[in-house]
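Residue numbers begin at 1 in each chain, while the letters A, B, ... track the order of the sequences. Just so it is clear, the model here is predicted, and its values are computed rather than measured.
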Number of protein chains: 2
Amino acid sequence: MNVPYRSAMAADPPARRGRPALLDAEQVVDAAVAILDAEGLAAVSFRRLSTELGVSHMTLYGYFDSKDDLLEALVARTIAVPAVRRSSTAPWDEVLLAVMLDIHRQLVSRPGIAELLITRELTGEWVAGVREQLLDILRNAGFTQRRATDGLSVLFNYLLGAVMIETHRGRGGSAASFRLGLRYLIDGLKSDLP
Amino acid sequence: MNVPYRSAMAADPPARRGRPALLDAEQVVDAAVAILDAEGLAAVSFRRLSTELGVSHMTLYGYFDSKDDLLEALVARTIAVPAVRRSSTAPWDEVLLAVMLDIHRQLVSRPGIAELLITRELTGEWVAGVREQLLDILRNAGFTQRRATDGLSVLFNYLLGAVMIETHRGRGGSAASFRLGLRYLIDGLKSDLP
DNA sequence: ACCTGAACACCGTTCAAGT
DNA sequence: ACCTGAACACCGTTCAAGT
């Protein structure tokens, strides 16, 4: 595995020995995002990317060890862990609702990302960050660890299913009906509070 | 579009003029199911299938107009519309729960099918059949058409998300937590009954 | 009627070589 | 240090020809 974002992380002076790099990983991800937005996930390929960037497709292996590596960087770039103000005085169920709606909005706005989260191993710091945040909300509300992780699974199942269906625009999911189900789930969780 | 299952549907005597077919569509789907079960959806390809069947990959275009056509037949073959006995005296929410669990069991037992349902346009008689059945349950329970379709969206979002996550074995979904969320959703629907 | 190979336009990845 | 083309093992699909 390459050190991710090799060039971007270099805080030390750029005076290295040897041939200077043509690109840095950020530029590759930029180009990938542009293709994703314009033509969807299926159009994102090393070969396509390389012609867009004016390099050999093999050059990209200098920045990412594999296509999966690139896609993970794409996920990391494109969605932010929602900022939840822990100092908030709002009740936990309202905070939870707001965070879920925020994630939903982000994922729907970049079709393809939800698919990556489900399909690839869903590791990566975004997943861990969101997970930790939601677990915190549930534990602070009084759920046991076990109840909290089960509740989280339920919420993620619903969220990702809704996003997948909406973004592939089969019939079914409207934004309004997404809220409806989310309310059912959160009400259900509330009723199970010890 | 080819007439689906051309040979299989022929109830008239098989005496046709011209060269007899080497295969029929059922055999192709059989082979596709075998590959799906053994190696997953990504391994199902016209070329792979054709070597397995001992024909040119181009021969398969005589049975299916495109790969999407084949995949639709794969879905149709592999999952049955759950039999719901309308005469049942059980309350609607129990019937709904049972049907959802049945669909869940079927989809989990054949990883890849849920992905096809979401990704491809989700047309086809299986989807229509299940949809009609669940709508019936909800309408008979007293939901308006609007409420019923929204409820259905919510249930499908959850079901397909859960199956996708479980079959891709990211953390998250256990069969037990699937039931939990399903109960929340059905309880929510019940509480919204006019 | 039905089957076929060649060709086209794509993939990701390995390897050995070039600067 | 970094970049590159050739090669390998794959895709789906079109087309014109073969039986």
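- Side-chain atoms of B:Thr167 come within 3.5 Å of backbone N or O of B:Met164 as a donor-acceptor pair.
- Using a 4.0 Å heavy-atom cutoff across all strands shown, A:Ser45 reaches sugar-phosphate atoms only and no base atom.
- A gap of 13 Å separates the C1' atoms of C:dA9 and D:dC10, to the nearest Å.
- Remark: A:Phe178 CZ to A:Met100 CE distance equals 5.0 Å, nearest 0.5 Å.
- The CG atom of B:Leu60 sits 12 Å away from the P atom of C:dG5 (whole-angstrom rounding).
- Checking D:dT4, D:dT13, C:dC3 against the side-chain heavy atoms of B:Ser66 singles out D:dT13 as nearest.
- In this structure, CG of A:Leu23 is placed 12 Å from P of D:dC2, rounded to the nearest angstrom.
- D:dT19 is paired with C:dA1 under the Watson-Crick or G-U wobble criterion, all donor-acceptor distances under 3.5 Å.
- Here C:dC11 is the nucleotide among C:dC15, D:dC15, C:dC11 with the atom lying nearest to any side-chain atom of A:Arg48.
- Look at NE2 on B:His57: it is 11 Å from P on C:dA6, rounded to the nearest Å.
- Separating the OH atom of B:Tyr61 from the P atom of D:dA17 is a distance of 20 Å, rounded to the nearest angstrom.
- Taking atom CG of residue A:Asp65 and atom C1' of nucleotide C:dG12, one finds them 13 Å apart after rounding to whole Å.
- Atom NZ of B:Lys67 is separated from atom CZ of B:Arg120 by 6.5 Å, given to the nearest 0.5 angstrom.
- We find that CG of B:Leu22 is positioned 15 Å from P of D:dT19, with the value rounded to whole Å.
- For D:dC2, the OP1/OP2 oxygens have no side-chain nitrogen or oxygen of A:Tyr63 closer than 4.0 Å.
- Between A:Arg120 atom CZ and C:dG12 atom P the separation is 10 Å, expressed in whole Å.
- Two residues, B:Met58 and B:Pro20, neighbour DNA chain C, and the one matched to the more 5' nucleotide by heavy-atom proximity is B:Pro20.
- When each of A:Arg47 and A:Thr59 is assigned the nucleotide of DNA chain D bearing its nearest heavy atom, the one mapping closer to the 5' terminus is A:Thr59.
- The A:Arg19 side chain lies nearest to D:dC2 when the options are D:dT4, D:dC2, C:dC2.
- Side-chain atoms of B:Thr149 come within 3.5 Å of backbone atoms of B:Arg146 as a donor-acceptor pair (strictly under, hydrogens ignored).
- Taking the centre of each ring, B:Phe46 and B:Phe64 stay at or above the 6.0 Å mark.
- When the C1' atom of C:dT4 is taken as reference, atom CZ of B:Phe46 falls 15 Å away, rounded to whole Å.
- Base pairing of D:dT13: its partner is C:dA7, meeting the Watson-Crick or G-U wobble criterion (both donor-acceptor distances under 3.5 Å).
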